[in-house]
Asker: 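First the structure, which I've put down as structure tokens, then a few questions once you've had a look.
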Amino acid sequence: MTIVEVKVMVGIRPERQNPRPVRIWGRVLKPKAYVTAGLGSLFATLLGLYYPAIGDFTGLYCAPRKLHHVQPPAENAPPEDVVRTYLKAVVARDIDTARRLSTPEFADREESVIDSPFCDWTDITAATIYPCHPDLDGTGRYTTVMNVSIRLELKSRDRDAPYDYSWGYWLERDSPRKSWRIFESGEG
């Protein structure tokens with residue numbers, strides 16, 4: 001009778017004894033890291049944070065891509081010209097020019113809302129900009145204030161046909177030698 005020696009390894013399959021380690025940037029990842037990295041990518045994608053350079057609306061995050069440069073108006077331009085140029089900059093997604101024409105607070109607010117005009121507005125097919133008139137700043141921040149009312153035929157990313165849109169912009173300046181800057185918008 002021949003005796004055969006058999007080694008039995010309990011709990012470990014021979015093909016899994018020495019799995020090849022996965023390396024990313026020279027570091028060995030453990031199985032737990034695979035799950036964490038996968039879930040992180042999934043959540044970032046779902047939140048629209050994974051592709052901010054695309055320049056499109058991804059659900060909860062908007063990253064406008066500049067379409068073309070808009071020339072800012074002259075330093076002594078009247079409020080109507082400032083608003084006209086601002087509207088052109090919004091449709092062109094030229095945030096730099098739009099920021100030059102507004103206060104930092106207004107620019108931050110306009111860029112951060114989920115339905116930001118920089119992502120939502122795709123075209124202005126017709127615009128009527130009414131003559132400006134003196135107004136007051138209800139908060140008392142600015143002493144020289146002008147209101148410019150507008151009526152637009154506006155196309156947005158969620159509507160195929162243009163629709164009428166009435167809006168107003170409030171502009172301020174510190175002195176007659178300074179440029180007009182948009183500090184508020186709303187119905188008006």
Side-chain angles (χ1 to χ4, degrees), residues 47-49 51-159 161-188:
L47 291 175
L49 302 175
Y51 301 106
I54 295 175
D56 295 325
F57 188 80
T58 57
L60 295 175
Y61 184 81
C62 170
R65 181 182 358 183
K66 185 175 183 176
L67 301 176
H68 62 272
H69 175 71
V70 175
Q71 185 67 32
E75 290 293 318
N76 59 351
E80 296 91 348
D81 288 348
V82 172
V83 170
R84 185 176 294 107
T85 305
Y86 178 80
L87 294 172
K88 288 178 185 177
V90 167
V91 172
R93 297 183 180 160
D94 185 355
I95 294 176
D96 297 330
T97 299
R99 276 190 165 278
R100 285 186 63 188
L101 302 174
S102 40
T103 62
E105 299 83 17
F106 179 77
D108 290 343
R109 189 171 61 244
E110 287 292 291
E111 290 174 43
S112 66
V113 294
I114 198 164
D115 58 347
S116 168
F118 291 102
C119 289
D120 203 37
W121 296 6
T122 58
D123 194 16
I124 297 174
T125 56
T128 304
I129 298 177
Y130 299 102
C132 66
H133 59 85
D135 206 345
L136 298 173
D137 173 23
T139 63
R141 295 174 293 184
Y142 307 110
T143 55
T144 307
V145 174
M146 290 289 198
N147 175 265
V148 177
S149 296
I150 60 171
R151 184 171 189 87
L152 305 173
E153 280 187 26
L154 181 68
K155 285 186 179 179
S156 64
R157 67 179 160 75
D158 58 348
R159 293 186 187 199
Y163 61 97
D164 283 340
Y165 188 71
S166 295
W167 205 242
Y169 288 97
W170 284 263
L171 296 88
E172 63 80 24
R173 69 178 176 185
D174 298 330
S175 72
R177 293 187 179 145
K178 298 278 185 170
S179 299
W180 288 101
R181 296 182 313 156
I182 299 170
F183 73 92
E184 191 61 73
S185 69
E187 292 184 35

Asker: Should E105 and R181 be marked as a salt bridge (Lys or Arg N to Asp or Glu O under 4.0 Å) after you check the CA-CA gap, both sets of side-chain angles, and the distance that decides it?
Answerer: CA-CA 11 Å; E105 299 83 17; R181 296 182 313 156; over 6 Å; no
Asker: Roughly how far apart are M146 CE and W170 CH2, rounded to 0.5 Å?
Answerer: 14.0 Å
Asker: Does T97 have any side chain to side chain donor-acceptor pair (under 3.5 Å) partners at least two apart in sequence or in another chain, and if so, which?
Answerer: D94
Asker: Could you list the residues that satisfy salt bridge (Lys or Arg N to Asp or Glu O under 4.0 Å) with K178, not counting sequence neighbours?
Answerer: none
Asker: Sequence neighbours excluded, which residues qualify as salt bridge (Lys or Arg N to Asp or Glu O under 4.0 Å) partners of D96?
Answerer: none
Asker: Only counting residues at least two apart or in another chain, list the ones meeting side chain to side chain donor-acceptor pair (under 3.5 Å) with Q71.
Answerer: none
Asker: So, taking the atom named OG in S166 and the one named CG in L152, what distance separates them when rounded to the nearest 0.5 Å?
Answerer: 8.0 Å
Asker: Run the salt bridge (Lys or Arg N to Asp or Glu O under 4.0 Å) test against E110 and tell me which residues pass, sequence neighbours left out.
Answerer: none
Asker: Can you check whether Y86 reaches L171 side chain to side chain, under 4.5 Å on heavy atoms?
Answerer: no
Asker: Considering all heavy atoms of both residues, which atom of S102 and which atom of A98 are nearest to each other, and what is their separation?
Answerer: OG-O, 2.7 Å
Asker: Keeping R93 on the side-chain end and F118 on the backbone end, is there a donor-acceptor pair under 3.5 Å?
Answerer: yes
Asker: Sequence neighbours left out, cut at 3.5 Å: what donor-acceptor pairs do the side chains of residues 124-132 make with other protein atoms?
Answerer:
| unit_1 | atom_1 | unit_2 | atom_2 | d |
| --- | --- | --- | --- | --- |
| T125 | OG1 | E153 | O | 3.1 |
| T125 | OG1 | E153 | OE1 | 3.3 |

Asker: Does CZ belonging to R173 count more than 12 external heavy atoms closer than 6.0 Å?
Answerer: yes
Asker: Distance-only, no hydrogens or angles: does the T85 side chain make a donor-acceptor pair with backbone N or O of P72 under 3.5 Å?
Answerer: no
Asker: Give, for atom OH of Y169 and atom CG of L101, the distance between the pair rounded to the nearest 0.5 Å.
Answerer: 11.5 Å
Asker: If the condition is side chain to side chain contact (heavy atoms under 4.5 Å, CB included), which residues does R99 pass it with, not counting sequence neighbours?
Answerer: I95, A107, D108, E111
Asker: Side chains of S149 and N147 only: does a donor on one sit below 3.5 Å from an acceptor on the other?
Answerer: yes
Asker: If only atom types and distance count, is the side chain of D137 paired as donor or acceptor with the main-chain N or O of Y142 below 3.5 Å?
Answerer: yes
Asker: Among all residues two or more places apart in sequence or in another chain, which pass the side chain to side chain contact (heavy atoms under 4.5 Å, CB included) test with T143?
Answerer: none
Asker: Tell me every residue that passes ring pair (Phe, Tyr, Trp, His ring centres under 6.0 Å) with Y165, counting only those two or more places apart in sequence or in another chain.
Answerer: W121, W167
Asker: Is there side-chain contact between V83 and W180, with at least one heavy-atom pair below 4.5 Å?
Answerer: no
Asker: Holding to side chain to side chain donor-acceptor pair (under 3.5 Å), I want the full list of residues that pass it with N76, two or more places apart in sequence or in another chain.
Answerer: none
Asker: Just to verify, what does S179 make a side chain to side chain donor-acceptor pair (under 3.5 Å) with, not counting sequence neighbours?
Answerer: E75
Asker: Residues in side chain to side chain contact (heavy atoms under 4.5 Å, CB included) with K88, at least two apart?
Answerer: V70, R84
Asker: Measuring only between side-chain heavy atoms, which start at C-beta, is P78 closer than 4.5 Å to D81?
Answerer: yes
Asker: Grab the two heavy atoms, one from E172 and one from D174, that are nearest each other, plus how far apart they are.
Answerer: OE1-OD1, 3.6 Å
